[in-house]
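Heavy atoms only: backbone and side chains are in, while hydrogens, waters and symmetry mates are out. Quick caveat, the model's predicted, so the values are computed rather than measured.
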Amino acid sequence: MKKELLLEWLQGRELVYRFFARIYQEGPVIELLSALSGEPFLEEVAAGSQNRDIIEGCREMQVEIASRSGDLKAYQDELREDYHRLFVGPGHLEAPPWESVYRSKEHLLFGEETMAVREFYRSFGLESKNKNREPEDHIGLEMEFMAYLNREAAAKAAAGEGFAEFLQGQRRFLKEHLQQWVPALCGDIQRAARTAFFRGLAVFTRGWLEADAVELEVVIEENDN
């Protein structure tokens, strides 16, 4: 892959992972809704993909945002209610956003899976500011980590330096963590969400991880040759 195309690919992936990181961590903030309403981000992601879930998920989100763009504040309130019911609480969470809840037998926070994610971050020189207070295996933090690996890979590639470790790190993190539990999370979101925004987000997320893993394998193989 030529350098210019590689950088464009890495930067595009960073943008999508940062989008996921923000929406899963912060919820539907008005600035993000305004940007999605006024910019073709979702349309461009869908147009650049052949993955059915990416196309359908982006379209579902896009259609609802367009229909509610006349009163974004009221729409935000509706989405915020859905977001808290799914991911935050109080009370029972329809879609707990932590890897350890899905993968541990006890379905508890700060399990072995959390520690494994913490160690993975540490292997790339990162440590959570809220260590021992906020589990590092929150989906938003895991997406943020993928964005970071893309950003670092792009910086290395732009400087003409080796970036393979950051691609390999992404491949491992997808296989060992994100792909192990996020599809199940997306299924829960899709079943429980009351808004098309979050149903679409779940489908988009699932399709993105599936398609991105395939593309990543191709790029790694090309750069190994």
May I have all residue pairs that pass salt bridge (Lys or Arg N to Asp or Glu O under 4.0 Å) and include part of [range], sequence neighbours excluded?
range	answer
residues 177-187	none
residues 167-180	R171-E217, R172-E176, K175-E217
residues 188-205	E60-R199, D188-R191
residues 29-44	none

Going by side chain to side chain donor-acceptor pair (under 3.5 Å), name the residues that satisfy it together with R206, two or more places apart in sequence or in a different chain.
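R206 satisfies side chain to side chain donor-acceptor pair (under 3.5 Å) with D53, Q190 once adjacent residues are dropped.
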
Listed partners of S49 passing side chain to side chain donor-acceptor pair (under 3.5 Å), at least two apart:
none

Mind jotting down which residue pairs meet the side-chain hydrogen bond (donor to acceptor under 3.5 Å, both in side chains) criterion with at least one end in residues 1-13? Sequence neighbours excluded, please.
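Of all non-adjacent pairs touching residues 1-13, those that pass side-chain hydrogen bond (donor to acceptor under 3.5 Å, both in side chains) are W9-E215, R13-N150, R13-Q170, R13-D212.
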
Determine which pairs satisfy side-chain hydrogen bond (donor to acceptor under 3.5 Å, both in side chains) with at least one residue from residues 87-98, sequence neighbours left out, and list them in order.
none

Which heavy atom in A193 sits nearest to a heavy atom in F198, and how many Å separate them?
CB-CB, 3.8 Å

4.5 Å side-chain heavy-atom contact, [X] and [Y]:
X	Y	value
K73	D71	yes
L93	H84	no
I65	F197	yes
V16	F204	yes
L86	I189	yes
F41	L32	no

Please identify each residue that fulfils side chain to side chain contact (heavy atoms under 4.5 Å, CB included) with [X], with sequence neighbours left out.
X	value
E152	Y148, F166
A158	L7
E144	A21, Q25, L141

Between F20 and Y17, what is the ring plane arrangement, given parallel below 30°, perpendicular above 60°, and tilted in between?
perpendicular

Once the angle between the rings of W181 and Y102 is folded into 0 to 90°, is it parallel (under 30°), tilted (30 to 60°) or perpendicular (over 60°)?
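Answer is tilted, since the angle falls between 30° and 60°.
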
Examine the side chains of Y75 and T195 and answer whether a donor and an acceptor come within less than 3.5 Å of each other.
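Side chains of Y75 and T195: no pair found under 3.5 Å.
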
For H177 and E142, which I'm curious about, is there any donor-acceptor pair between the side chains at under 3.5 Å?
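No pair is found: no donor N or O on one side chain lies under 3.5 Å from an acceptor on the other.
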
Counting distance only, does the side-chain N/O of [X] pair as donor-acceptor with the main-chain N or O of [Y] below 3.5 Å?
X	Y	answer
Y121	E136	yes
Y83	Y24	yes
S100	S104	no
S34	I30	no

Heavy-atom neighbours of [X] [atom1] exceed 12 at 6.0 Å:
X	atom1	result
E112	CD	no
E26	CD	yes
E119	CD	yes

Could you check whether R59 pairs with E56 (Lys NZ or Arg NE/NH1/NH2 to Asp/Glu carboxylate O, under 4.0 Å)?
no

Under 4.0 Å between a Lys/Arg side-chain N and an Asp/Glu carboxylate O for R103 and E113?
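Result for this pair is no, no salt bridge flagged.
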
According to ring-ring contact (aromatic ring centres under 6.0 Å, His included), who are the partners of F163, at least two apart in sequence or on a separate chain?
none

